[in-house]
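This report refers to the structure that appears directly beneath it.
Here the structure is a predicted model, which means the values were calculated and not measured. Positions are given from 1 along the sequence.
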Amino acid sequence: MTTYVYGIARRGHGRLPEQMGGIGDPPRPVRTVEQGGLVALVSDAPEGLRPKRRDLLAHQNVLAEAGAGGAVLPMRFGGVSADDEAVRAVLAEHEERYLERLEALDGKVEYNVKATHDEEAVLHQVLAEDAELRALSDANRKAGGGSYEDKLRLGERIAAAVQQREVSDAALVESALDDSAEERSPGPQSTGWLANISYLVPRDATAEFVAAVDALRERAPHLVVQVHGPLPPYSFTG
């Protein structure tokens, strides 16, 4: 039976959810593997593990329960070792680095912020701020839409202006939230988002961070801002 790893904590962590139901059907009970100053939260790994909703939630729930009692280095879903001894070997090899990172993450959580444009709102802004572009749009409208070439030229100009706004608005998101967090970690770029950023926030300052997000929404109503958190600090484990 292989060993599934949820996360790593300091030995002596005050709230490790041993015997809590983990992944699998039926749920495998969570146990600990200790080595030096570290402890890993693990369970037996079921065969044919897939990212099913039930197992994803079980993984998150174990980390949330452990994280409520102290710093945990969360593993992403799917972390499997050959056995408990393999887990101990990794803990022994990286003990110093893991302990340093646990110290840095103590009392902190992650918030992920994604932002995109409200297409209609940003179009109005682009036209309002560019007199030449606005004149070209008005001319096309008065001409019944304009020729194919006119429409193509207008579309290209608008697309270029919107792309410029995406760059400046991504910087706006960062500048608006950086002071409310201790660290920032850019997420993977994906179609549809002009910003995808994770922030490391002290647990006792989460209200201030959420307030900063609300202030950003008021300041930039042309942005659609989504916030997910508080989460285990997946993006800051190093």
Heavy-atom pair with the smallest gap, counting every atom of Arg28 and Asp44:
CG-O, 3.3 Å
Given the rule that I, L, V, M, F, W and Y join up when any side-chain heavy atoms are under 4.5 Å apart, are Leu56 and Val62 in one cluster?
yes
Whether the side chain of Arg10 engages the backbone of Leu99 through a donor-acceptor N/O pair (distance < 3.5 Å, no angle test) should be reported.
no
Separation between OG1 of Thr116 and CD of Glu166, rounded to the nearest 0.5 Å
7.0 Å
Asp178 side chain reached by Tyr199 side chain, heavy atoms, under 4.5 Å:
yes
Can you list the steps and then say if Phe77 with Gln60 is a side chain to side chain contact (heavy atoms under 4.5 Å, CB included)?
CA-CA 9 Å; Phe77 180 84; Gln60 293 176 2; over 6 Å; no
For Ser185 against Ser235, the heavy-atom pair lying closest together
OG-O, 3.6 Å
Any idea which heavy atoms bring Val42 and Val33 closest together, and the distance?
CG2-CG2, 3.6 Å
For residues Val210 and Val227, determine if any side-chain heavy atom of one lies less than 4.5 Å from a side-chain heavy atom of the other.
no
List the atom of Met75, the atom of Val5, and the distance in Å for their closest heavy-atom pair.
CB-O, 3.6 Å
Glu110 side chain to Tyr234 main-chain N or O, any donor-acceptor pair under 3.5 Å?
yes
Can you tell if the side chain of Arg219 reaches within under 4.5 Å of the side chain of Leu172, non-hydrogen atoms only?
yes
Start with the C-alpha distance between Glu100 and Arg97, add both sets of side-chain angles, then the distance that settles salt bridge (Lys or Arg N to Asp or Glu O under 4.0 Å), and finish with yes or no.
CA-CA 5 Å; Glu100 288 176 354; Arg97 180 162 63 89; over 6 Å; no
Would you say the side chain of Asn61 lies within less than 4.5 Å of the side chain of Met20, judging by non-hydrogen atoms?
yes
Looking at CG of Leu41 and NE2 of His13, how far apart are the two atoms once the value is rounded to the nearest 0.5 Å?
7.5 Å
Verify the cluster assignment for Leu102 and Leu91: are they in a single hydrophobic cluster under the rule of side-chain heavy atoms below 4.5 Å apart?
yes
Any sub-3.5 Å donor-acceptor pair from Arg54's side-chain atoms to Pro27's backbone N or O?
no
Does any N or O in the side chain of Asp118 come within less than 3.5 Å of the main-chain N or O of His222, such that one atom is a donor and the other an acceptor?
no
Roughly how far, to the nearest 0.5 Å, is the CG atom of Leu127 from the CD1 atom of Ile158?
5.5 Å
Is the count of non-hydrogen atoms from other residues, nucleotides or ligands lying under 6.0 Å from Glu120 atom CD greater than 12?
no
Fit a plane to each ring of Tyr6 and Tyr4, take the angle between them on a 0 to 90° scale, and name the class: parallel (under 30°), tilted (30 to 60°) or perpendicular (over 60°).
perpendicular
So, applying side-chain contact (heavy atoms from CB on, under 4.5 Å) with Arg217, which one of Leu223, Val224, Val225 is it?
Val225
Show your reasoning for whether side chain to side chain donor-acceptor pair (under 3.5 Å) applies to Asn112 and Ser198.
CA-CA 4 Å; Asn112 177 255; Ser198 289; 3.2 Å; yes
Any chance you could lay out the salt bridge (Lys or Arg N to Asp or Glu O under 4.0 Å) test for Asp84 and Arg31, step after step, and finish with the verdict?
CA-CA 11 Å; Asp84 288 6; Arg31 63 178 190 278; 2.8 Å; yes
When hydrophobic residues are tied together by side-chain contacts of less than 4.5 Å, even through go-betweens, does Val80 share a cluster with Val87?
no
For a 4.5 angstrom cut-off between non-hydrogen side-chain atoms, does Pro74 reach Pro233?
yes
Can you label the angle between the Phe209 ring and the Tyr111 ring as parallel, tilted or perpendicular, going by 30° and 60°?
tilted
For a quick test of reading the model, state the closest non-hydrogen atom pair linking Val173 to Ala115 and the distance between them.
CG2-CB, 4.1 Å
Sub-3.5 Å donor-acceptor pair from the side chain of Glu95 to the main-chain atoms of Gly37, do we have one?
yes
Starting at OG1 of Thr32, measure out to CZ of Arg11 and round the result to the nearest 0.5 Å.
8.5 Å
Are Leu63 and Ile8 joined in one hydrophobic group, where the rule is that I, L, V, M, F, W and Y side chains link up if heavy atoms are under 4.5 Å apart?
no
Side-chain touch Leu38/His94, heavy atoms, less than 4.5 angstrom:
no
From Tyr98 OH over to Gln35 CD, what is the distance, rounded to the nearest 0.5 angstrom?
12.0 Å
Would you give the length of the straight line joining atom CD of Glu119 to atom CG of Leu123, rounded to the nearest 0.5 angstrom?
9.0 Å
4.5 Å side-chain heavy-atom contact, Ile23 and Ser43:
yes
At their closest point, which heavy atom of Gly67 faces which heavy atom of Arg203, and how far apart are they?
O-NH2, 3.2 Å
Counting C-beta onward and ignoring hydrogens, is there a side-chain heavy-atom pair between His117 and Gln125 closer than 4.5 Å?
no
Would you kindly confirm whether Leu200 and Leu177 end up in one hydrophobic cluster when ILVMFWY residues are joined by side chain heavy atoms under 4.5 Å apart?
no
